[in-house]
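Computed from a prediction, not measured in an experiment: that's the story for all the values here. Numbered from 1 within each chain, the chains take letters A, B, ... in sequence-line order.
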Amino acid sequence: MTPSSLKAPTLAIADLTLGFRSWRGYAQVLHGISLDIKPGERVALVGESGSGKSVTARIVLGLLQQLKTARISGRVEFEGHDLEAIHPAERHRLRGTAMSMIFQDPTSSLNPVFTIGVQFHEVLKRADANLTYEAAADRAAAILAEVSIPDADRVLSAYPFQLSGGMNQRVMIAMALANEPKLLIADEPGTALDVTVQAQTLHLMRQLVEDHGTAVLFISHNLGVVREFADRVYVIYKGRIVETGPTEAIFADPRHPYTRVLMEAVPRITGGGIPEIEEDAAGFGDPLVVHEEAVR
Amino acid sequence: MNASLLSLENVTKRFGAGAQQVLAVDRVSLELMAGECLAIVGESGSGKSTIANMVLGIYPPSEGIIRFHGEELPARRQLRHRQLIQLVQQNPLSALNPRRSIGASMRLALDVHRIGPASSRRARVSELLEEVGLPADFADRMPASLSGGQRQRVAIARALACQSRVLVLDEPTSALDVLVQARVLRLLGELRPKRDLSYIFITHDLSVVRNIADRVAVFEKGRLVELADTATIFDHPGHPYTRSLISAVPVITDDELSLRGRLAREPEHEH
């Protein structure tokens, strides 16, 4: 590893724009997004539906580039390498190995016709093509133990529909981290789960990425979950980043009008009623607010 | 808010038979007071949707009685019973017929229940739309051209059209963004006294419950484990399951964090 790649952020996105061309005309979705994630850092991208958070993740994974109607510009660098400049085959190799993803609904992202063991084998073969099923099962058992699944044999021989949603989510987390990725993209993980299960899996995921030093791009609409998981936050509104900074700073002192309204709208378990939210979006187009990084 | 409007007496619901039998609701007794917002909370499999379906008359209880104003509701409901209790679902897109305009969907409710003279129903639809904060010309639009929040307002307007007394709100805002959620919850809060409604608010989101419900019924695996007014449930939860539910809520302020911390330390209460 060269010194320059040691210093490089795990993910650096600069001035990313995205638009879709259709028979209706052109729809601009991202208006120049810039964000970066340092090695081992947990960064949240928080916004409402349609704000552009999921498409950002899909561009990082290289999934939207294949779409003929998508117009993308800007730069996405992974560990110092421009992802547009590398060969598609090499880019394909990165997915599932150096970068992996966890989706919202674990049960529908697992293949219903294969057992967990077979799917784990597939995942591990991404990094080591000659791995046998038995060797993969051993590796899988070790990783499943890390996500608090002790009876790995039962789980590996089960189909996804035979396991609970929380169990499937843990399996997904285990699979996503199986190849020791440098970057994990988690798109609304646990939203489809019960609150207590969501809290457990989130806690588990946090511990695991901390132990493995994995950088995480955490996509969510839930500010409470973001506060509990992320080191740093980017708030996105209609394809623009409106506020960014360390999690504590943003939650202690939200400065952008949109961030303020967003936080005000979250019902509190301490009560206080449902706030009145104005329909007009005055100030939501204000320029980006950056909170300085605390000196450590 | 003192007279009992709707009551469940020792209601049990079983599905299936023999070894496959599932006990979805286990001997639940519960009262909804007139004008009240009663929250039913619990996780998946707790039986909260089964309770809602029995209240709506979609299926009868296996055992027990459901009464409205003291009158026992029959297993097969009559039109007048169905009119009294209306449902607002989680996903308004699936609740609205995609091939029917908003106005036609709402008109159907008025026609079925023969509310007002036929000649005035078109105007009634406009009034109802305005009552939930939508422009009257939305009557000509199709569900697909509306946002999630607008569709949920239409679903609420349609429930109001029937001049119902009880709304069963089944996760009415969990598919909505937080800003839209706040607006829809405020609308529901305003309509309740104005329309003399009572709500059965089914949800897993305790932070919403805290701010909208008068009383909370906590369900675990088909059993009612705790029932108390909202402040008591949150300040001094008695059942360990209630505590675990509150402690799992992701929160954003320091006050909320300290409440969760206090619940984790405090001994359990009985009430």
Item to check | A:His291 and A:Glu243: CA distance, side-chain angles, deciding distance, side chain to side chain donor-acceptor pair (under 3.5 Å) verdict | outcome: CA-CA 8 Å; A:His291 293 256; A:Glu243 186 157 2; 2.4 Å; yes
Item to check | Heavy-atom proximity to chain A below 4.5 Å, by part of B:Asp205 | outcome: neither
Next on the checklist: I'd like to verify something: which residue of B:Ala182, B:Ala248, B:Ser207 has the highest number of heavy-atom pairs under 4.5 Å with chain A?
Outcome noted: B:Ser207
Checklist outcome for this item: Counting heavy-atom pairs under 4.5 angstrom with chain A, the leader among B:Leu176, B:Thr253, B:Asp254 is B:Thr253
Item to check | Residues B:Val251, B:Leu259; criterion side-chain contact (heavy atoms from CB on, under 4.5 Å); working and verdict | outcome: CA-CA 10 Å; B:Val251 297; B:Leu259 171 71; over 6 Å; no
Checklist entry - Who wins among A:Gly272, A:Ala199, A:Ala265 for the most heavy-atom pairs under 4.5 Å with chain B? => result A:Ala265
Next on the checklist: For A:Arg240, is there an ion pair with A:Asp286 - N to carboxylate O distance below 4.0 angstrom?
Outcome noted: no
Checklist entry - Where do B:Asp235 and B:Arg210 land on the salt bridge (charged side-chain N to carboxylate O under 4.0 Å, His left out) test, with the steps shown first? => result CA-CA 10 Å; B:Asp235 294 338; B:Arg210 172 65 159 142; 3.8 Å; yes
Checklist entry - Do the ring planes of A:Phe161 and A:Tyr159 sit parallel (below 30°), tilted (30 to 60°) or perpendicular (above 60°)? => result parallel
Next on the checklist: Quick check on A:Glu48 against chain B: is it the side chain, the backbone, both or neither that has a heavy atom closer than 4.5 Å?
Outcome noted: both
Item to check | Side-chain ion pair, B:Arg186 and A:Glu276, N-O less than 4.0 Å | outcome: yes
Checklist outcome for this item: Within residues 134-152 of chain B, contacts to chain A at heavy-atom distances under 4.5 Å involve none
Item to check | chain A contact via B:Leu257 - side chain, backbone, both or neither, heavy atoms under 4.5 Å | outcome: side chain
Checklist entry - Is the shortest heavy-atom distance from the side chain of A:His256 to the side chain of A:Val235 under 4.5 Å? => result no
Item to check | A:Phe284 and A:Tyr237 aromatic ring geometry - parallel, tilted or perpendicular at 30°/60° bounds | outcome: perpendicular
Item to check | Residue, of B:Gln181, B:His204, B:Arg183, B:Arg260, that accumulates the most heavy atom pairs under 4.5 Å with chain A | outcome: B:Arg183
Checklist entry - Nearest heavy-atom pair of A:His221 and A:Lys53: which atoms, and what distance? => result N-CE, 4.1 Å
